[in-house]
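See below for the structure under consideration.
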Amino acid sequence: MFKKIKNNEKLFLQLLSNLKNNKKYSNHCRPIKILGIETSCDDTGVAIVDDTGKIIGQALCSQQKIHTRNGGIIPPVARDLHYENITKVCEDALKSANLKLRDIDAIATTVKPGLPLSLDVGNKFGKYLCQIGNKPYIPIHHMEAHALTARMVEKVELPFLVLLISGGHCLLALVKKIDDFYLLGTSLDDAPGEAFDKVARKLKIFNLPQYRDKNGGAVIEHAAKFSNDPLQFEFPVPMPHYRDCNFSFSGIKNTVNTIIWRQEKEFDICGDGIVPDLYNICAGFQLSVGKHIGHKTKRAMKFLDHSNLIPDDRRTLVVSGGVACNDFIAKCLNVVCEEMDYRLVRPPPQLCTDNGIMIAWNGIERWRENCGVIRDPDEIAKVDIEHRSPLGTDWIPLVKEADIQCSTIKTKQLLSIL
Ligand code: KG4
Ligand code: ZN
């Protein structure tokens, strides 16, 4: 009798071990796949990424042309376009991956921060997919997703310094863990992309056929390449004496407005006319933005050194967000990185601007750590959007307290890389 029980027990243990191994084996064979949804502003993006970082499928529908024609984003228009496009974008992404909803392990969606009407469309759609497909839900912070995308394309170990420059944000932060951020600086007024867009509109640059329907940053970067004298006009470098990592772009923007106003008067330009020194204005503006961003980033590096927050072998600056597509600004950052002995990591342009891939990847990072994955349908139903949502713990007062001296970046140094 005893022998029989013993044998059964052996059999049972064997069975258990087989099951365990099978589980391991099947997990190993079938990578986790997460579908990411992005609708925080004016891009409807859906993508499927697996836990090896492979983009299996994606689709993106940009509303930018419509908003450029409207002179800026009108939130209800953005919402209606998201509603109009999201189902098709999702179907296209699944089709390009050759997958069905049943093959997806979880749905990740941007729920904060962003335009409330836009965020709401993605959140409702994501929760609907969870409901019909019986999937877990992973709510995502848009700026955390921008910051972590670099880890999908390159080996970037934690902790690292991140600079996020886009149409809605300007943030410097220390990323300690995937859900543990420390804010070192932010913009006190406009975001840099917003300044690029406003300056481009003020210059009426979109009237030129080659620039019609493009974004403000891309057209200014392009126009600046034709400048023969980036120093023709004097632009201020904002807040050089404030010993913090905060940004301000409204002063530079106002300087451009004054220059345009003067030139329009001097050369009697009205209506759709464009000022004669367009290229030099673009180059001077971009130079000033680059110097400012570089200077504040350098202070952030000095602060991290001062507080011993980044090990010597991890000195990495990740730059992302739409403005990170700008090659001149990247070169300015490279100058700072060389001086401070940092490695610069910049994801490819299509991953710097808003997309569903970064949301799916953030979902993968959270899935791996089992952090913020909601499985209970009642809890999923309760997930709401947050229009405003500061990134991480506020260390801005700590940076100010540290009172770190930091020289500005020399114009000469930057002109040599133009
Ligand atoms: O990250 P993003 O796609 O959307 C958010 O704002 O979240 O960034 C869009 C912004 C726009 O303001 C656009 O003018 C700016 O990124 N941008 C650029 C460049 N390409 C896009 N700014 C400067 N230079 C560029 N090449
Ligand atoms: Zn963004």
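Only heavy atoms go into these numbers, but all of them, side chains included; no hydrogens, no water, no symmetry mates. Counting starts at 1 for both ligands and their atoms, in listed order. Residues take their numbers from the sequence shown, with the count starting at 1.
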Touching ligand 1 at all, Cys41? Heavy atoms, strictly under 4.0 Å? no
Would Gln286 count as a contact residue for ligand 1, given that I'm defining contact as a non-hydrogen atom of the residue lying under 4.0 Å from a ligand atom? no
Assess whether a salt bridge exists between [X] and [Y], defined as any Lys/Arg side-chain N lying under 4.0 Å from an Asp/Glu carboxylate O.
X      : Y      : result
Lys198 : Asp190 : yes
Lys253 : Asp189 : no
Glu154 : Arg346 : no

Can you list the atoms of ligand 1 that are under 4.0 Å from a heavy atom of [X]?
X      : result
Gly168 : 6 (O)
His142 : 7 (O)
His146 : 1 (O)
Thr353 : 3 (O)
Gly193 : 12 (O), 14 (O)
Ser166 : 1 (O), 5 (C), 6 (O), 7 (O), 8 (O)

At less than 2.8 Å, would any N/O/S atom of His146, backbone or side chain, sit next to the Zn ion (ligand 2)? yes
Roughly, to 10 degrees, what angle do Asp354 atom OD1 and His142 atom NE2 form around the Zn ion (ligand 2)? 90°
Counting heavy atoms only, which part of His169 comes closer than 4.0 Å to ligand 1: side chain, backbone, both or neither? neither
Pick one: which of Lys177, Arg343, Arg314 meets salt bridge (Lys or Arg N to Asp or Glu O under 4.0 Å) with Glu157? Arg314
